[in-house]
Trainee: 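Encoded as structure tokens, here's the structure I'll be asking about.
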Amino acid sequence: MTQLHGKTAVITGAGSGIGAAIARLYASEGANLFLLDVDKAQVDAVAVECSSTGVTAVARRVDVMESDDVRAAMDAAAELLGGIDILVSSAGILDETPFLELSPEVYDRTMNVDLRGVFLAARWAAPHMVKRGGGRIINISSQLGIKGGTGLAHYVAAKAGVIGLTKALALELAPHSILVNAIAPGPIFTPLIEGLSDEWKAAKQAELPVGRFGTPEEVAPTALLLASSPGGNLYTGQTLGPNSGDVMP
Ligand SMILES: NC(=O)c1ccc[n+]([C@@H]2O[C@H](COP(=O)([O-])OP(=O)(O)OC[C@H]3O[C@@H](n4cnc5c(N)ncnc54)[C@H](O)[C@@H]3O)[C@@H](O)[C@H]2O)c1
């Protein structure tokens, strides 16, 4: 029996990188999927790939900054799939800007996607989980939200916020049998970090005890653990760190 057989999952940022790898792994474990991304062509392609394993996989263009869109997507997912068991918030953006050059606009945009987007997805998915008698919320943070990083104050602030939000929701939603956890990956080879400077990447790699960046396929199994039962049953309010040893809390 596959680990997520009969479960339904909504994944934001499912068109690329870590979100896409989680979608593929969840599909291979039998979950029916509602995949959201601002890039419709990319998320369509991931949905086609996932469907080929025999599960239902629907793609929808959603900007996680837009409350009405996120709410409509969660309602549509619950209706089409019969409910929402699992939410993974992976949509995110990052750009490297020294703090002394950081504009309020770039700060706000990063907070809106990387933190408000996580809030909105949980806010509009959780009522469906309450109706179903339980669920799992998995928020993708970053190890930078724990240890900080130069040129990334806006991103670090958002990712630290995701960890705080995760703890608060874990406490408040526990009576509804909803378990809420975060994953704080180390540097992972995806389009997200392609734009960072070579100096930043070289310095980062030198800091890692494991000595290399990871791949999305090395992060996705942590999201499977948190979604699964019995494996994930005792985790809530936690931040798991597939991070090449970058942070050792
Ligand atoms: N790659 C890393 O090194 C790394 C490390 C730690 C944490 N993370 C986090 O992992 C998550 C996934 O990142 P990734 O590395 O897979 O990047 P990625 O760029 O490959 O994927 C991010 C996806 O989010 C989508 N997206 C961006 N803005 C959106 C919006 N407003 N609404 C909906 N979708 C939107 C993009 O279209 C893209 O498909 C992010 O939250 C990121 O911060 C990444």
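The first residue in the sequence is number 1, and the count goes up from there.
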Trainee: Does a donor on one side chain sit under 3.5 Å from an acceptor on the other, for Q238 and N181?
Mentor: no
Trainee: Can you find a heavy atom in the side chain of I188 that is under 4.5 Å from one in the side chain of I193?
Mentor: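 SC-SC contact between I188 and I193 ruled out.
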Trainee: Closest approach of G17 and T190, non-hydrogen atoms and distance?
Mentor: CA-CG2, 3.8 Å
Trainee: Would you say N139 and I183 make side-chain contact, with heavy atoms under 4.5 Å?
Mentor: no
Trainee: More than 12 heavy atoms of other residues, nucleotides or ligands under 6.0 Å from NZ of K167: is that the case?
Mentor: no
Trainee: If we only count heavy atoms from C-beta on, is the V70 to V62 side-chain gap below 4.5 Å?
Mentor: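 Touching, per the 4.5 Å side-chain cut-off.
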Trainee: Would you name the heavy atoms of R212 and L208 that are closest together and state the gap between them?
Mentor: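 Shortest heavy-atom separation between R212 and L208 comes out as O-CD1, 3.4 Å.
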Trainee: With a 4.0 Å cut-off, would you call R136 and D85 a salt bridge?
Mentor: no
Trainee: So, N233 and S229: side-chain donor and acceptor under 3.5 Å apart, yes or no?
Mentor: yes
Trainee: Would S244 and F213 count as a side-chain contact (heavy atoms from CB on, under 4.5 Å) here? Give the steps.
Mentor: CA-CA 7 Å; S244 302; F213 289 11; over 6 Å; no
Trainee: What residues join I163 in its hydrophobic cluster, counting side-chain heavy atom gaps under 4.5 Å, either direct or through other members?
Mentor: I146, V247
Trainee: Please find the pair of heavy atoms, one from T12 and one from A121, that lie closest to each other, and give the distance.
Mentor: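 Scanning both residues, the minimum pair turns out to be CG2-CB, 4.3 Å.
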Trainee: Set out, in order, the CA-CA distance, both residues' side-chain angles and the distance that settles side-chain contact (heavy atoms from CB on, under 4.5 Å) for I178 and I137, then state yes or no.
Mentor: CA-CA 7 Å; I178 299 171; I137 297 176; 4.0 Å; yes
Trainee: Distance from D69 atom CG to R60 atom CZ, nearest 0.5 Å?
Mentor: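 One finds 8.0 Å between CG of D69 and CZ of R60.
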Trainee: Give a yes or no on whether a salt bridge exists between K147 and E207, defined as a side-chain N under 4.0 angstrom from a carboxylate O.
Mentor: yes
Trainee: About how many Å separate CG of L33 and OG1 of T56, when rounded to the nearest 0.5 Å?
Mentor: 8.5 Å
Trainee: Can a donor-acceptor pair be found between the side chains of S52 and E49 at a distance below 3.5 Å?
Mentor: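 No, no side-chain donor-acceptor pair sits under 3.5 Å.
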Trainee: For Y26 and A223, indicate whether the former's side chain and the latter's backbone hold a donor-acceptor pair under 3.5 Å.
Mentor: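 Indeed, once roles are kept as given, a pair shorter than 3.5 Å links the two residues.
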Trainee: Taking side-chain contact (heavy atoms from CB on, under 4.5 Å) as the test, write out the residues that go with D44, two or more places apart.
Mentor: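 side-chain contact (heavy atoms from CB on, under 4.5 Å) list for D44, sorted by chain: K40, A59.
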Trainee: Is the closest side-chain heavy-atom distance between I18 and P185 below 4.5 Å?
Mentor: yes
Trainee: How far does CG of L25 sit from OG1 of T53, to the nearest 0.5 angstrom?
Mentor: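 The OG1 atom of T53 is 10.5 Å from CG of L25, to the nearest 0.5 Å.
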Trainee: When rounded to the nearest 0.5 angstrom, what is the spacing between CG in L226 and OG in S228?
Mentor: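 L226 CG to S228 OG: 8.0 Å, rounded to 0.5 Å.
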Trainee: Are there over 12 heavy-atom neighbours, none belonging to E217, within less than 6.0 Å of that residue's CD?
Mentor: yes
Trainee: Can you spot which of V10, I22, L4 makes a side-chain contact (heavy atoms from CB on, under 4.5 Å) with I86?
Mentor: L4
Trainee: Can you find a side-chain donor-acceptor pair between N32 and T8 that sits under 3.5 Å?
Mentor: no
Trainee: Side-chain contact test, heavy atoms from C-beta onward, threshold under 4.5 Å: evaluate it for E96 versus S197 and give yes or no.
Mentor: yes
Trainee: Within the 4.5 Å heavy-atom criterion, are L179 and L173 side-chain neighbours or not?
Mentor: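 Side-chain contact under 4.5 Å: no.
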Trainee: Taking the side chain as every heavy atom from C-beta outward, state whether V118 and L165 have any pair of such atoms under 4.5 Å apart.
Mentor: yes
Trainee: How close do A73 and F34 get, heavy atom to heavy atom, and via which atoms?
Mentor: O-CE2, 3.6 Å
Trainee: Take M74 and L87 through the test side-chain contact (heavy atoms from CB on, under 4.5 Å) and record every step on the way to the result.
Mentor: CA-CA 10 Å; M74 295 306 168; L87 166 68; 3.9 Å; yes
Trainee: Are T215 and E218 close enough that some pair of their side-chain heavy atoms sits under 4.5 Å apart?
Mentor: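 They are in contact (side-chain heavy atoms under 4.5 Å apart), so the answer is yes.
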Trainee: Would you say S141's side chain and K159's backbone share a donor-acceptor pair under 3.5 angstrom?
Mentor: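 Answer holds: yes.
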Trainee: Hey, what do you get for CG (L115) to OG1 (T110), rounding to the nearest 0.5 Å?
Mentor: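 Between atom CG of L115 and atom OG1 of T110 there are 11.0 Å.
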Trainee: Flag yes if more than 12 heavy atoms outside R132 fall under 6.0 Å of its CZ atom; otherwise flag no.
Mentor: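 Yes.
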Trainee: Establish, from distance only, whether the side-chain atoms of D114 and H154 form a donor-acceptor pair under 3.5 Å.
Mentor: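 No, H154 and D114 have no side-chain donor paired with an acceptor closer than 3.5 Å.
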Trainee: Tell me, with the steps shown, if L225 and L240 meet side-chain contact (heavy atoms from CB on, under 4.5 Å).
Mentor: CA-CA 10 Å; L225 170 74; L240 303 193; 4.1 Å; yes
Trainee: Roughly how far, to the nearest 0.5 Å, is the CG atom of L144 from the CG atom of L94?
Mentor: 8.0 Å
Trainee: Are D246 and K204 close enough for a salt bridge, meaning some N to O gap below 4.0 Å?
Mentor: yes
Trainee: Taking all non-hydrogen atoms of both residues, which atom of H128 and which atom of A78 are closest, and how far apart?
Mentor: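 Where H128 meets A78 most closely, the heavy atoms are ND1-CB, 3.3 Å.
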Trainee: Looking at every non-hydrogen atom in both residues, tell me the closest pair between A14 and V46 and how far apart they are.
Mentor: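 Scanning both residues, the minimum pair turns out to be O-CG2, 3.5 Å.
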Trainee: Can you establish whether the number of heavy atoms outside R61 located under 6.0 Å from its atom CZ is more than 12?
Mentor: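 Buried by this count: over 12 neighbours within 6.0 Å.
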